[in-house]
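See structure below.
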Amino acid sequence: MQTATGEPVEIALTTNGVILARKAQSLKDAGLKRVTVSLDGLSDATFRRMSGSDVAVATVLEGIAAAQAVGLGPLKVNMVVKRGVNEHEIVPMADHFRHSGIVLRFIEFMDVGTSNGWRMDDVVPAREILDRIAGRFPIEQLDPNYTGEVAERWRYVDGAGEVGVIASVTHTFCNECTRVRLSTDGKLYTCLFAGEGLDLRMPLRQSEGDRVLTNLIADCWGKRH
Ligand code: SF4
């Protein structure tokens with residue numbers, strides 16, 4: 001897949017992994033490359049408290065294994081850390097994904113509007129997460145892959161792989177953010193917290209053409225504040 005100017009388009013998927021075991025091969029065949037799976041703990045009880053779903057952790061792990069088996073990658077696992085709920089899973093999760101080739105990233109618990117009852121007391125700062133990992137497995141910092149990368153990269157000194165932290169609360173990075181998100185109903189959002197998105201479905205369905213769509217997206221991006 002290419003852009004209108006001939007550059008490769010990289011398609012990435014972030015998923016809860018629930019049906020990934022069934023869909024991994026077809027996603028790979030469709031050209032998907034990067035996959036990030038959300039997994040907030042290794043025990044079903046913790047996972048249930050964090051996700052609010054009854055899905056078994058084993059189901060998500062099977063999805064991750066299937067994605068690896070069909071060659072989807074780079075693979076990442078995102079773990080949101082909430083004080084008193086799953087912080088005890090930080091080191092077990094790190095241990096589980098060492099030597100796996102999968103980059104585990106710990107994300108500070110973020111305020112996402114009115115839906116999650118966020119309090120600062122619920123946040124386990126990225127520094128504390130790193131200290132806990134380093135207390136068990138020595139780590140050292142790596143350079144970012146690119147300017148504006150939101151995750152701080154670290155590697156295990158013993159060569160067991162890479163781990164990351166996303167300090168979305170204690171070290172905000174909005175001024176460097178270059179992300180847009182396209183929802184399943186075709187709306188383009190320039191921020192996770194945007195209340196409204198730009199409708200691209202209608203112009204797409206009306207076959208307005210790449211130029212019109214490009215201008216719409218550029219205009220929307222230019223109005224970010
Ligand atoms: S601009 Fe929005 S999406 Fe980007 S880092 Fe800030 S809060 Fe997150």
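In listed order, ligands and their atoms are each counted from 1.
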- What atoms of ligand 1 come closer than 4.0 angstrom to any heavy atom of Phe193? 7 (S)

- Message: Give me the atom names and distance for the closest heavy-atom approach of Arg132 to Ile90.
- Response: CD-CD1, 4.0 Å

- Message: Is it the case that the side chains of Arg153 and Asn145 hold a donor-acceptor pair, with the cut-off being a distance below 3.5 Å and no angle test?
- Response: yes

- Task: Decide yes or no for Val150 and Arg179: does some side-chain heavy atom of the first lie under 4.5 Å from some side-chain heavy atom of the second?
- Result: yes

- Item | Protein heavy-atom partner closest to atom 3 (S) of ligand 1 - residue, atom, separation in Å | Leu192 N, 3.2 Å

- Task: Look at the N, O or S atoms of Cys174, main chain and side chain alike, and state whether any lies under 2.8 Å from atom 6 (Fe) of ligand 1.
- Result: yes

- Residue, atom name and distance, where the atom is the protein heavy atom closest to atom 2 (Fe) of ligand 1: Cys191 SG, 2.3 Å

- Query: Backbone N or O of Gly101 within a donor-acceptor pair of the Gln68 side chain at under 3.5 Å?
  - Reply: no

- Message: Tell me the protein heavy atom at minimum distance from atom 4 (Fe) of ligand 1, and give that distance in Å.
- Response: Cys177 SG, 2.4 Å

- Is it true that Asp54 and Arg48 have a side-chain N and a carboxylate O under 4.0 angstrom from each other? yes

- Atoms of ligand 1 under 4.0 Å from any heavy atom of Phe173, numbered from 1 in the order shown, are 5 (S)

